[in-house]
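Below: the structure, in structure tokens.
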Amino acid sequence: MQPPLDPQHAQFLRLYAEHEAALQVFVRSMLPCRDETDEVMQQVIVVLWQKFETAQDFKKWAFGVARLEVLRFLQSRKRDRHVFDETLVNRLADRAVLHAAEVMPRREALEHCLQKLPPSQRELVLTAYTKGTRMDELATRRGQTPMALYKLLHRIRIALLDCVERTLAREEAA
Amino acid sequence: MSTDWNDLIQRHIAGLTTEAEAAQLQQALKADDSLADLYIRHIELDVALEAKAASAEATRELLTAPVADEARRSTRWLAWRPLAAAAAVALLGMAGTLWLRTIPWPRGASATLVSADNARIVGVDGELIAGRELRLKELRLETGRLEIALASGARLEMSAPVEGEFFDDMRLRLDSGGVNADVGEHGKGFTIETAAGEIVDLGTRFGVQADRSGESRVAVFSGKVEVHSRQPRMGGVPVTLTEGMAARFSAQAGLRGWRQVAVAAQEAGLAAAHYTGIVERVHDNLGDEELEPFYGVVQRGMAPGVLAFADKPNPRWAPRPGDEVPASLLGADLIRTYHQFRRRGSYELTVTLREPAVVYVLIKAQDQLPEWLAEKFSPTGETVIAGPLQAGIASWPDAILDEEGRPYFKFAVWKANAPAGEFTLGTARSAERQLMYGLAIQPQKMSPP
């Protein structure tokens with residue numbers, strides 16, 4: 001059996017776990033690429049843990065730390081056309097904070113919506129989002145062109161977005 | 001031409017936009033908050049799907065890792081089947097050829113007779129007495145009941161008429177009739193093949209009934225199985241059935257509804273699984289045609305460590321060493337509810353009882369509880385622990401954390417005497433931090449005074 005965590009460590013884990021999903025969305029909204037998000041998130045966790053003692057309002061503080069780490073990272077990526085300018089990055093970050101409380105309800109609604117997809121589409125979308133999956137290889141395996149696969153995935157994504165909105169609206173109305 | 005913002009956002013996230021498109025998107029996002037919110041929605045969806053895919057991948061690894069060598073060979077082959085299917089479509093352009101594979105040559109199985117009752121197997125002469133060694137290839141049980149133990153460790157029970165063929169100690173093709181399998185630890189990967197598909201055992205007790213018409217029914221009494229339907233639209237994607245689930249499937253219709261295992265098993269004529277409990281039917285009022293949930297009813301299933309909900313691999317009731325299920329609940333018929341419905345304000349769950357019963361609701365102990373609960377039920381003063389739940393709610397003030405920081409919660413036990421017929425419960429939603437409730441049913445005569 002593992003030894004019990006010290007109270008500070010346990011408290012950090014609890015708070016981080018509670019806000020992890022929203023933090024990921026926040027960082028991702030400022031960064032164009034999944035791998036870069038992972039890289040920055042690792043750095044964010046290290047900083048959060050190192051400075052945890054100084055935190056008063058964990059959520060506000062954690063989002064602030066994440067914003068600084070992303071902006072620092074973006075300094076080295078200025079010329080990439082997929083990186084927005086700093087004004088827009090900060091604006092998107094503000095919108096992400098505004099919607100942070102909706103992240104978990106939306107995930108639960110998505111779970112419900114995934115179950116409503118035909119099994120073959122559900123399997124396809126999860127395969128496409130599995131780390132390491134290459135779209136061109138997946139398309140070849142399916143006997144499709146990459147563009148046909150992209151269009152199919154686009155339709156599935158739009159259906160999922162619509163379903164999530166409808167599900168949340170129904171729950172609100174209930 | 002108007003811009004398809006969904007498409008542009010998606011392509012930008014995927015790194016596929018041109019410099020001009022990226023600039024156009026940047027300008028539009030700066031000017032329109034609602035477009036910025038749509039951008040965030042796409043990001044949320046991406047992050048959530050990545051998390052879900054990672055979780056599904058981890059589950060797949062978990063399911064395949066402990067399986068015996070024979071099963072692993074089978075699983076690896078099955079993982080390639082969608083590709084074989086895709087190749088078949090590309091080469092032949094015929095959806096009907098999706099089930100493309102090399103059929104193993106039947107070699108037969110070695111078995112020990114466990115028990116027989118008036119049994120007659122075509123081609124097997126002499127007295128069928130317990131302990132007799134048998135070599136079975138073609139299987140035709142004309143009369144009676146038979147129980148055999150295969151060399152692989154799987155035990156099979158069947159009642160006439162049954163027809164099929166053993167490929168080896170790990171694989172049976174069932175043409176018609178019903179077979180109950182208890183594969184034990186060493187028989188993981190044992191496969192029953194029918195006209196409708198394959199059922200691959202992952203360490204369990206299950207029953208299969210195959211019809212000459214091509215339809216098969218499977219019910220899982222404990223553990224889990226993978227069902228590989230031959231229906232082309234399933235695309236070779238296996239469906240995992242866990243304890244308390246049942247399904248019908250055929251090559252034409254694919255997998256059809258889940259039913260509570262006991263009722264389905266009874267309908268399927270699975271002799272060892274007759275449900276003699278008091279729950280006739282469980283249904284809700286959600287009326288979602290695309291997703292009809294089926295509530296797992298496990299007869300006398302309430303015990304420490306059993307799954308609490310039908311749609312989650314966790315939590316379990318009384319999961320940790322030392323956690324106890326109150327005596328009043330032990331051995332009760334367990335109904336697995338759907339955790340995802342906990343926030344549906346209009347939700348109603350109706351249990352149809354064959355006879356008067358005591359209905360127990362297990363609900364997270366907290367100040368605010370649903371009004372219908374206090375109206376129909378009374379608290380027993382007993383509690384049961386459920387967990388672990390998702391790490392995201394570990395900071396709830398009433399969470400009990402284990403050494404890994406995973407949250408558990410105390411559920412209060414409420415009870416009501418219910419007459420035979422329909423008995424309806426309401427929504428779990430009563431406060432922000434509420435979980436779905438669990439259900440257990442005891443016959444009134446078995447309840448403590």
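Below, each value reflects all heavy atoms present in this structure, side chains not excepted, and no hydrogens, waters or symmetry copies. Throughout, protein chains are lettered first and strands after them, A, B, ... in sequence-line order, and every chain is numbered starting at 1.
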Of A:Y150, A:F26, A:Y129, the largest count of non-hydrogen pairs under 4.5 angstrom with chain B goes to A:Y129
Answer key: most heavy-atom pairs under 4.5 Å with chain B among A:R106, A:R107, A:Q24 is A:R106
Determine, for [X] against [Y], whether the closest basic-nitrogen to carboxylate-oxygen distance falls under 4.0 angstrom.
{"X": "A:R142", "Y": "A:E137", "answer": "no"}
{"X": "A:E111", "Y": "A:K116", "answer": "no"}
{"X": "B:D323", "Y": "B:R320", "answer": "yes"}

Minimum heavy-atom distance A:L126-B:A53, with the two atoms named:
O-CB, 3.3 Å
Counting only heavy atoms closer than 4.5 Å, note whether [X] contacts chain B via side chain, backbone, both or neither.
{"X": "A:L98", "result": "neither"}
{"X": "A:L160", "result": "side chain"}
{"X": "A:E165", "result": "side chain"}
{"X": "A:L92", "result": "both"}
{"X": "A:V164", "result": "neither"}
{"X": "A:R122", "result": "neither"}
{"X": "A:E20", "result": "neither"}

Heavy-atom pairs under 4.5 Å with chain A - which of B:N6, B:D7, B:L25, B:T427 has more of them than the others?
B:D7
Any side-chain heavy atom of A:M30 within less than 4.5 Å of one from A:V40?
no
Please classify the contact between B:L49 and chain A as side chain, backbone, both or neither, with a heavy-atom cut-off of under 4.5 Å.
both
Using non-hydrogen atoms and a 4.5 Å limit, figure out which bit of B:R406 sits close to chain A: side chain, backbone, both or neither.
neither
Using atom types as modelled and distance alone, determine if a side-chain donor or acceptor of B:T3 lies under 3.5 Å from a backbone N or O of B:W5.
no
Polar side-chain atom of A:T130 near backbone of A:T133 as donor-acceptor pair, under 3.5 Å:
no
Parallel, tilted or perpendicular: ring planes of A:F84 versus B:H12, cut at 30 and 60 degrees
parallel
